[in-house]
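Heads up, the thing below is written out as structure tokens.
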Amino acid sequence: MTEYNKAQQDIVDEFSVFEDWLDRYNYLIELGNDLPGIDPKYRSNEYLINGCQSKVWLHADLVDGRLIFNADSDAIIVKGIVALLVKLMNERTPSEILENELTFIDGIGLRQNLSPTRSNGLLAMVKKMRLYAMAYQAKENQNKES
Amino acid sequence: MTEYNKAQQDIVDEFSVFEDWLDRYNYLIELGNDLPGIDPKYRSNEYLINGCQSKVWLHADLVDGRLIFNADSDAIIVKGIVALLVKLMNERTPSEILENELTFIDGIGLRQNLSPTRSNGLLAMVKKMRLYAMAYQAKENQNKES
Amino acid sequence: MGLNIKQIRSDFPILSQQVYKKPLVYLDNGATTQKPQVVIDTIRELQESQNSSIHRGIHYLSEQMTGRYEAARETVRAFLNADSANEIIFTSGATGSINTVAFSFGEKYVSAGDEILISEMEHHSNIVPWQMLCERKGAQLKVIPFNENGELKLEILDELLTKRTKIVALSHASNSMGTINPVKEVIEKAHAKDIAVLIDGAQMVQHGEVDVKELDCDFYVFSSHKIFGPTGSGVLYGKESLLEELPPYQGGGDMVDQVSFERTTYNTLPFKFEAGTSNYTGAIGLGVALEYLHSVGLEKIASYEKELSRYTLGKLARIDRLKIYGNAANRISVFSFLLQNIHTYDAGLILDKMGIAVRTGTHCTQPVMDHFGIDGTIRASLVFYNTREEIDVLAEGIRKTMEMLS
Amino acid sequence: MGLNIKQIRSDFPILSQQVYKKPLVYLDNGATTQKPQVVIDTIRELQESQNSSIHRGIHYLSEQMTGRYEAARETVRAFLNADSANEIIFTSGATGSINTVAFSFGEKYVSAGDEILISEMEHHSNIVPWQMLCERKGAQLKVIPFNENGELKLEILDELLTKRTKIVALSHASNSMGTINPVKEVIEKAHAKDIAVLIDGAQMVQHGEVDVKELDCDFYVFSSHKIFGPTGSGVLYGKESLLEELPPYQGGGDMVDQVSFERTTYNTLPFKFEAGTSNYTGAIGLGVALEYLHSVGLEKIASYEKELSRYTLGKLARIDRLKIYGNAANRISVFSFLLQNIHTYDAGLILDKMGIAVRTGTHCTQPVMDHFGIDGTIRASLVFYNTREEIDVLAEGIRKTMEMLS
Ligand SMILES: Cc1ncc(COP(=O)(O)O)c(C=O)c1O
Ligand SMILES: Cc1ncc(COP(=O)(O)O)c(C=O)c1O
């Protein structure tokens, strides 16, 4: 098991203690509250992923070959899920993100929240995170070549 | 019971001997074959009642205060029903036709054939027969007044 | 209260359903209503023993199905108190009905510079077809605004009804604020200036009696699925003389008389507007739903819902930091609200997990949200099978939600 | 023959029905097909325990229903072998699908003087929408004729595809003559001149495999009720790049992104073309019908029907004074015929009383009747649940009918 997948398993394990849906949500709300909001300069239309029912903002930098994500949402439960995604993917190399599949969302029963019809911006955010990884990887490869 | 309704009852009684649908149709086919075709001069678009699935032609004269119907159809079973209608209404006064309800069609189980969606021209023909009666009645009343 | 609610609830099998092991509290009737067993059984029975295409067939099944389809049309006619069954067109839904009128009426009567008048509280289905028409014809869309209670500002109606106004399209009741609009007054004023009126009854017919003759509207539309009938079916009522004059909307089987490549003539009403194989199962199911409603009693339903609305408003008013959007004096049992500093999406997710089905978002009335400067609301929409007990569950659920989220 | 017909027939409850105390022989499948129990049960189950409006709801029922609706879309995508689910639009039926394209494609690409090419054997649903478009835009309708066997005269196709031709709309199979058209060849020729092609598959999809990618058609349409699914539902397949460019057809809920009175933007595919509350029960039922077909096996169905067609043609050929209209080499199991000197309506009435459901009349293809100079035909249209025994009953019924009527 890759370290990445180990991290996913940890999240699933953490969640498994909650039998009740409302407890899981309470935990997500906590995570959401703990996630520092996005730097105000990124809380703008440029970084907005419009989900119709809730909004998500996302920005990523590459520092020393690792991605640093900065993300936020206007809905707190969505922000909790955002926090989980950031927790998993932050400070990873682009190839780690691209080579591993995202499984923990399924594992903690939140898959519906990533369905294309949910309009909460999460699915688009996950796609965007991978796009950032791809873009930075391409850039790195280019730099190596030149 | 009016004489008109007695005549309707007779038709119903005549039919009641046939237990099988095909026998009833055989009888209608006979009636259709026996009905002389319409005078060719009336077998024209002017007297046509277009029923989409079958055609009916109808013309009526008033002779000595009684209606003389001349009718035809290109489908033989329809022509059989036409024959029954003519048999019932022929040589009646306009008021006889207008004051009595048409019940025998129901009585012999042919009501479907007079449904508005049947497109066989029969319903329109019945309406037209009554219209002829109304028109001639109006004419007679006018003549009386003047 | 005149209704035997226990009996009624047992007529709707889904209402005894559990979600997440909690009893389902279904308060999303504005989106779609549940079906009584008699409707479900009819649809099954039609398919198991009678299914056949209608109108052109002369065989037994087709005959039977045609009879039932046309009987459903007669049921709808009586339900709306229309003059003639020729005035009842079966469509795919309220949206289909409005698009039919926007196209056919538009083709015949609307040209560049003309005006179409709608209201600020219309559902997107009663906005976008008119916008598309305006764009095609170079006409202009005008809007009757509403006040802070969600009531139309009728004092400026006379001003808005100009010489160029061709048609007014107005909801009988608002799906996001619950307002019942004074449509009769609008129709009178429009008719005084020879302007046609379409009433969108999608949120009204399920709550009480509607009489198109008394209203004197030119068109009236509603959806089957919002009045306890099957999906994919709806009604367009139109005055016969007006429908006669309009060109057809869709072309296809059944709506024609004679077809040749040179010249095609159209069928008589109502068939002229029913192109292709009609959703006959849907229409017959709708007829059964309307009969069911009659058996319960439309007046009884209206008065029960009035009482339930009063109770709901009382309950909601007692919740701190809850704000209701839409406070019209005359209303249906549809309630939009916001919880202070709480995102509607969060509230919807949590209420859902308590078994409470409400809708969150714009409810396809974005201009209403823009009016209030909000992104959306939480909406609880009730019909006659809902109960005070369910409102208690909702109120308690809202309290818990607020606790969790603050 | 590879199919367990007894098992299959028991899957369709209506087939064991009696009419006039005679076993039902249902040979009117061209008009509409019967539904397998699994489709009927799914619709009942959806309404009894899961009914909820789709897409915008976040509560449990809505979530579940949305999932099933989108899964049905995926099933249709796979059935047609389309590239993406974005290319699958749920409509009200084949007629609704064709009207959508005639309007949207017409608005975008057709102007005065342009030409639309159809064929002489089209169903009214694939004639009238194009006539209405031509009238609106001042375009011209051109027609590919057919020969005495009911096969397209493709030798003049090149001539008919001119610089002004914008779209070809052609049936995959004829509903009145049974001809399977060489659509691939037509598509290739049209594409060579940059002309779009719509294929009306209403009579093809229920008889064998269809692959829109292999055909390379731009649009493909069919009706749910003709392929063992519920009424009021249908499919429009369109190439994604083309659908992207077309303006929407109907306006309403779900097909918009942002709505304001000044400016409305539209939703992405496929939703842009699904205005209002979709017939989700219909679409899900259609998905189940397609899965049922797959479980039977489309290839098996095609070869069984081929064999049954051969048998039927043999039987009919042995009846004196019976003339078949439509003798294409490549055909579906649909047979139109006339009995010498016998009116189709009479024949239909009598066959009906023997329990045999056939259709009589023009079958919504008046130009085909005009071609042959006849008023209509008797049509027996078979699918895979029909049997040789039923054909024997038909042949015997025809003999009796002729006896009675001569
Ligand atoms: C070839 C063909 N095209 C189109 C249609 C129209 O289908 P629907 O009436 O289901 O819209 C039919 C069915 O009658 C047909 O046979
Ligand atoms: C007021 C109003 N009008 C029109 C509609 C559209 O109805 P449908 O989506 O059933 O076509 C709705 C339902 O969403 C509505 O609430």
Side-chain angles (χ1 to χ4, degrees), chain C residues 13-14 17 19 28 31-32 34-35 40 43-44 47-49 51-53 56-61 92-93 95-96 99 123-125 127-129 131-132 141 143 225 231-233 250-253 256 259-261 264 275-277 279-282 348-349 352 357 359-361 364 366-367 370, chain D residues 13-14 17 19 28 31-32 34-35 40 43-44 47-49 51-53 56-61 92-93 95-96 99 123-125 127-129 131-132 141 143 225 231-233 250-253 256 259-261 264 275-277 279-282 348-349 352 357 359-361 364 366-367 370:
Chain C
I14 204 173
Q17 187 83 353
V19 298
D28 194 16
T32 201
Q34 300 305 337
K35 323 302 169 203
I40 299 171
I43 292 169
R44 181 175 50 69
Q47 298 191 100
E48 282 184 357
S49 64
N51 177 58
S52 172
S53 194
R56 293 304 159 91
I58 57 177
H59 57 75
Y60 180 80
L61 295 178
S92 58
T95 301
N99 278 277
H123 186 278
H124 293 166
S125 287
I127 300 175
V128 186
Q131 287 184 317
M132 288 166 63
L141 193 69
V143 181
H225 73 97
T231 55
S233 188
Q250 296 195 325
V256 291
V259 175
S260 74
F261 297 123
T264 287
T277 304
N279 182 2
Y280 49 85
T281 347
L349 281 180
D352 170 48
R359 189 141 292 222
T360 57
C364 292
Q366 225 168 292
D370 292 346
Chain D
I14 204 174
Q17 187 83 351
V19 297
D28 194 16
T32 201
Q34 300 305 337
K35 323 301 169 205
I40 300 172
I43 292 170
R44 181 176 50 69
Q47 299 189 100
E48 282 183 359
S49 63
N51 177 59
S52 172
S53 195
R56 295 302 160 91
I58 57 177
H59 57 75
Y60 180 80
L61 295 178
S92 58
T95 301
N99 277 278
H123 186 279
H124 293 166
S125 288
I127 300 175
V128 186
Q131 286 184 317
M132 289 166 64
L141 193 69
V143 181
H225 73 99
T231 56
S233 187
Q250 297 195 325
V256 290
V259 175
S260 73
F261 297 123
T264 287
T277 305
N279 182 1
Y280 49 83
T281 347
L349 282 180
D352 169 47
R359 188 140 294 221
T360 58
C364 294
Q366 226 169 289
D370 292 345

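Chain letters run A, B, ... following the sequence lines, proteins first, then strands; residues in each count from 1. Computed over heavy atoms, backbone and side chain alike; hydrogens, waters and symmetry mates excluded. Small disclaimer: the values here were computed from a predicted structure and weren't measured.
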Open item on the list: If we define contacts as heavy-atom pairs under 4.5 Å, which of C/Ala275, C/Ser233, C/Ala357 has the most with chain D?
Closed with: C/Ala357
Open item on the list: Is it true that C/Thr264 and D/Gln131 share a donor-acceptor pair across their side chains at a distance under 3.5 Å?
Closed with: yes
Task: Gap separating the CD atom of C/Glu48 from the CD1 atom of D/Ile14, nearest 0.5 angstrom - done: 9.5 Å
- [ ] Drop me the distance from D/Ser92's OG to C/Asn279's CG, to the nearest 0.5 angstrom.
- [x] 8.5 Å
TODO: Dump the intermediate steps for side-chain contact (heavy atoms from CB on, under 4.5 Å) on D/Thr277 and C/Thr231, then the final yes or no.
DONE: CA-CA 8 Å; D/Thr277 305; C/Thr231 55; 5.6 Å; no
Task: Best-contacting candidate, C/Gly361, C/Gly348, C/Cys364, against chain D by heavy atom pairs under 4.5 angstrom - done: C/Gly348
TODO: Name the member of D/Asp370, D/Leu61, D/Leu141 that forms the most heavy-atom pairs with chain C at distances under 4.5 Å.
DONE: D/Leu61
Task: Side chain, backbone, both or neither of C/Ile127 within contact of chain D (heavy atoms, under 4.5 Å) - done: side chain
Task: salt bridge (charged side-chain N to carboxylate O under 4.0 Å, His left out) partners for D/Asp352, two or more places apart - done: none
Open item on the list: If we define contacts as heavy-atom pairs under 4.5 Å, which of D/Ser260, D/Pro13, D/Gly252, D/Gly282 has the most with chain C?
Closed with: D/Gly252
Open item on the list: Out of D/Gln17, D/Met132, D/Gln250, return the one with the most heavy atom pairs under 4.5 angstrom to chain C.
Closed with: D/Gln250
- [ ] Calculate, to the nearest 0.5 Å, the distance between atoms CZ and OG belonging to C/Arg359 and D/Ser52 respectively.
- [x] 6.0 Å
Open item on the list: So which residue, C/Gln366, C/His225, C/His123, C/Gln34, ends up with the most heavy-atom pairs under 4.5 Å with chain D?
Closed with: C/Gln366
Task: Distance (rounded to the nearest 0.5 Å) between D/Asn51 CG and C/Asp28 CG - done: 10.0 Å
Open item on the list: Please classify the contact between D/Val259 and chain C as side chain, backbone, both or neither, with a heavy-atom cut-off of under 4.5 Å.
Closed with: both
Task: Best-contacting candidate, C/Gly232, C/Gly93, C/Ser53, against chain D by heavy atom pairs under 4.5 angstrom - done: C/Ser53
Open item on the list: Would you compute the distance between atom OH of C/Tyr280 and atom OG1 of D/Thr32 and round it to the nearest 0.5 angstrom?
Closed with: 3.5 Å
- [ ] Identify which part of D/Ile43 has an atom lying under 4.5 Å from any heavy atom of chain C, answering side chain, backbone, both or neither.
- [x] side chain
- [ ] For C/Asn99, check side-chain hydrogen bond (donor to acceptor under 3.5 Å, both in side chains) against everything at least two apart and list the hits.
- [x] none
Task: Expected output: side-chain C/Ser125 to main-chain D/Gly276 donor-acceptor under 3.5 Å - done: no
